[in-house]
Structures are given as C-alpha cells and as structure tokens.
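All values below come from the heavy atoms of this structure, side chains included, with hydrogens, waters and symmetry mates left out.
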Amino acid sequence: MFFEGSEKKIEVIVTPATPSLRSLGKPFWEEMVAKANAEILSSVSNDYCDAYLLSESSLFVWDDRFLMLTCGTTTLARSTLHFIDSLGEEAIAFATFQRKNEYLSHLQASSFEQDLQALRDKMSGVAYRIGHLDSHHHYLFCSDKAYRAENDDITNELLMYHIRGEAADYLRSDNQSCAGIRQLLALEEMLPGFQFDDFLFEPFGYSINGIRGKEYMTIHITPQESSSYVSFETNLDLAAQPIDIFARLLAILNPGSWDVIGFNAQQDTRGFPEHLCLGSCSLSLEQGYNVSFSHYQQMCHEVLIPESM
C-alpha cells in the first residue's frame, strides 16, 4: 500500500489590525481544511494556541498566525486561496508556502508551478527550489511585503526517509498503539510539559501534535517499507534544549537519509549517525528569515533488493 507522506505547508502571519485568528472559530477552520480535501479529527488548546489534528497532518492557530501541513494528495494551495479570499490580501503581513517533491508527483492534483501561479495571482512574492532536482528537494514561496521577523521566530524541520530497524518494524506491526509510539519516540522525556494529541491510522500511520504555551511540535509517520517518511517540526530553539532532539530521533528511527531545514535555526550535526552531507544551502530573506537546508545520507545503510513490477 502506498501513501504519499511528503507534505505541503503554509504559514501566514497577519497584520496587527487583523482580529485574532482564534476568534474565527472552529467552523472557519473546518472549511479551510475541507478546501484541502482533509478533515479535523481532534484538537487541543491552551491560552495561546489551538492545535488541530487532521486526517492528513496538522493545523495550528495562534492569534496572529496559522500553520497548516497536509500530506497525501491534498490541495493545500486551495486552502490558502480560501484564506486570502476570506480575510483579504491586506490582512497578510507575511506568508510562506512550502512543498516537498513527492515520490509519485503524477498523482497530485497540481504541481508546485501551478500552485505558485495561483498564489501569485493573489499576492506577490519570490520562489525558490532548495536541493537537487534529481534528489530530495523543496520548493518555497515567500510573500515580499515589508515585514521584519523577530529573532526568536524559529522553525526546525527534520524529514526522514527509509527508516529501518526495531522502531520501523514496530511502526509497521499489528500490535502498535499511540501510547507505545509515544514511548518508542521518548516524547514525554524529550518534550516535558507538552500537551499531546495523537492518532493511529489503519492499517498503520501515526500523527501527533503537541503544544506548550506558544510552542508547538508535530510528528507524522508514514512507515510503508518502500516509501517510508517521518517528519518532525517545532518552533523550539533546539540549541537551548537539554536533549538533542534531532540526534535522538535519528538514533531511534534509523533513516537512510534525511533533510534538516531551519528558519533562523542553528545547524548542529553532533550526535548524528555516521553520514555524508550530500548538499546544503542557505537563503536570507529580506523579511529577516535565514533559511538553511541540508540533505544527509547515512553510511552503509542497506542493501537494495530489486522489486518486481
């Protein structure tokens, strides 16, 4: 069974004059999610954030911004256009749309180029590809309005491919559970004080959101052996954490390769498995974001077996 784990992502920061996005209410966000051909499964909230677990990834809503990730064959660009039409382009202070190359891109409802054209019809911006075209790569569109990010506006992303070993076997097994996966990934230890909300899909696949104050984390696991994909994202400053979260997840999940993407984030490979860095780049946006990307491959990870078609 194949499922496209590779995600699309939109983050929008609204102007100070815009009413709180949380005040828009759950029906508004249900409609937003439906535009992407997904649905809300559950949610958790605190004084700062509403975190929605979706049938295809996650949605986080704060007073002044929202972040939405979707996987599979979802149409996230349509959700973005719906948001712009609903609140008006003038309500947007800054926006980024990010999309990773898919394993089976021909199954998608649109290409990044088509998404980009639709977005540019609503707001101006710049677009980039980071990474080699013939390998794992990401597309990024950023609005070009006058805006300045705070220095502590940080995002850290770890995207892992071809996981192997005991953890991967468990994530493909019939006896897994949400509690078992949280224990496997040592989430309570690595992220103390977070309020979690998770879901185990059938026959397998797992998503979890976590919030602590204004901080968030999310993990999405597509464990299928021929196309496994695991994403972890957070706005935590990982350099200030007592546990090296990226190194711990890499040790547990044992991916053959992985990407690290950061917005205003420090890069640190200490504790990573023995690896080659196949490529890296950095990008400075006028709005105050320093974007970094690196693609790594583990040494001597697996012997490939030809697959019959």
Are a donor atom and an acceptor atom from the side chains of E11 and T96 found within less than 3.5 Å of each other? no
Classify the side-chain pair S58/T218 by whether it contains a donor and acceptor separated by less than 3.5 Å. yes
Any side-chain heavy atom of L158 within less than 4.5 Å of one from M160? yes
To the nearest 0.5 angstrom, please state how far the CZ atom of R182 sits from the CD atom of E188. 5.5 Å
Measuring from atom CG of L191 to atom CD of E215, what distance do you get when rounded to the nearest 0.5 angstrom? 9.5 Å
Verdict with supporting geometry, W29 and F66, ring-ring contact (aromatic ring centres under 6.0 Å, His included): CA-CA 10 Å; W29 297 108; F66 80 90; 5.3 Å; yes
Give the cluster check for I245 versus I252: same hydrophobic cluster or not, with ILVMFWY residues linked at side-chain heavy-atom distances below 4.5 Å. yes
Can you give me the closest heavy-atom contact between F60 and G210, atom names plus distance? CE2-O, 4.2 Å
Single-linkage hydrophobic cluster I211~L54, side-chain heavy atoms < 4.5 angstrom: no
Whether D198 side chain and S207 backbone form a donor-acceptor pair below 3.5 Å: no
Return the orientation label for the Y139 and H137 ring planes: parallel under 30°, perpendicular over 60°, tilted otherwise. perpendicular
What do the steps show when you test V291 against N264 for side-chain contact (heavy atoms from CB on, under 4.5 Å), and what is the final call? CA-CA 6 Å; V291 184; N264 293 341; over 6 Å; no
Atom CG of residue position N175 - does it have more than 12 heavy atoms of other residues, nucleotides or ligands inside 6.0 Å? yes
What distance separates Q117 CD from K122 NZ, expressed to the nearest 0.5 Å? 12.0 Å
Distance check, rounded to the nearest 0.5 Å: T234 atom OG1 versus M190 atom CE? 10.5 Å
Check whether S79 reaches the backbone of M32 with its side chain - one donor and one acceptor, N or O, closer than 3.5 Å. yes
Would a 4.5 Å heavy-atom cut-off, applied to side chains only, mark Q98 and K8 as touching? no
Counting C-beta onward and ignoring hydrogens, is there a side-chain heavy-atom pair between T269 and H275 closer than 4.5 Å? yes
W258 and F272, any side-chain heavy atoms less than 4.5 Å apart: yes
Is I154 reachable from L285 through a run of hydrophobic residues whose side-chain heavy atoms are each under 4.5 Å from the next? no
Please check this pair: side chain of S228 against backbone of E225, looking for a donor-acceptor N/O pair closer than 3.5 Å. no
Give a yes or no on whether the backbone of D244 and the side-chain of D268 come within a donor-acceptor separation of less than 3.5 Å. no
Answer whether the closest heavy-atom distance between the side chains of D153 and I13 falls below 4.5 Å. yes
Please tell me if the side chains of L187 and I219 come closer than 4.5 Å, counting only heavy atoms from C-beta onward. yes
Yes or no on side-chain hydrogen bond (donor to acceptor under 3.5 Å, both in side chains) for N254 and Q298, after CA distance, side-chain angles and deciding distance? CA-CA 9 Å; N254 189 24; Q298 191 173 163; 3.1 Å; yes
Under 3.5 Å donor-acceptor, Q183 side chain and G180 backbone: no
How long is the straight-line distance from OG of S23 back to CZ of F28, given to the nearest 0.5 Å? 10.0 Å
So does G125 get a backbone contact from the side chain of S143, meaning a donor-acceptor N/O pair under 3.5 Å? no
A quick test of your reading: do over 12 heavy atoms of other residues, nucleotides or ligands sit less than 6.0 Å from CD of E274? no
Could you check if a side-chain atom of K9 sits within less than 4.5 angstrom of a side-chain atom of F97, using non-hydrogen atoms only? no
Between E7 and Y229: side-chain donor-acceptor atoms closer than 3.5 Å: yes
Will you find, in the side chains of N37 and T74, an N or O donor that is under 3.5 Å from an N or O acceptor? no
When you check the side-chain N and O atoms of S284 and N290, is any donor under 3.5 Å from an acceptor? yes
Out of E286, E89, Q287, which one pairs with K145 under the side-chain hydrogen bond (donor to acceptor under 3.5 Å, both in side chains) rule? E89
Would you indicate whether N151, at its atom CG, is surrounded by more than 12 heavy atoms from other residues, nucleotides or ligands within a distance under 6.0 Å? no
Decide if atom CZ of R65 counts as having more than 12 heavy atoms of other residues, nucleotides or ligands within a radius under 6.0 Å. yes
Give me the ring orientation class for F201 and F199: parallel if the planes are under 30° apart, tilted from 30 to 60°, perpendicular past 60°. perpendicular
Would I221 and F3 show up in the same hydrophobic cluster when neighbours are defined by side-chain heavy atoms closer than 4.5 Å? no
Do the rings of H295 and H136 sit parallel, tilted or perpendicular, given the 30° and 60° boundaries? tilted
For D197, does its backbone N or O pair with a side-chain atom of N209 as donor and acceptor, under 3.5 Å? no
Using modelled atom types and a 3.5 Å cut-off, is there a donor and acceptor pairing between side-chain atoms of R22 and backbone atoms of D47? yes
Y216 vs E233, test: side-chain hydrogen bond (donor to acceptor under 3.5 Å, both in side chains). Steps then yes/no. CA-CA 8 Å; Y216 78 93; E233 179 172 326; 2.7 Å; yes
Just do the side-chain hydrogen bond (donor to acceptor under 3.5 Å, both in side chains) check on S292 and Q267 with the steps written out, would you? CA-CA 8 Å; S292 57; Q267 293 271 14; 2.9 Å; yes
Tell me whether the rings of Y289 and Y147 are parallel (<30°), tilted (30 to 60°) or perpendicular (>60°). parallel
Look at the side chain of N46 and the backbone N and O of G213, then say whether any donor-acceptor pair between them is shorter than 3.5 Å. yes
Kindly compute the distance separating CD1 (I84) from CD1 (I10), expressed to the nearest 0.5 Å. 7.0 Å
Give a yes-or-no answer on whether the side chains of D259 and Y296 include a donor-acceptor pair shorter than 3.5 Å. no
Any side-chain heavy-atom pair of V230 and F232 under 4.5 Å: no
Can a donor-acceptor pair be found, under 3.5 Å and without considering hydrogens, that links the side chain of S111 to the backbone of Q114? yes
If you group Ile, Leu, Val, Met, Phe, Trp and Tyr by side-chain heavy-atom gaps below 4.5 Å, do L249 and I243 land in one group? yes
Could you please spell out the steps behind the side-chain hydrogen bond (donor to acceptor under 3.5 Å, both in side chains) verdict for N235 and T155? CA-CA 5 Å; N235 60 352; T155 305; over 6 Å; no
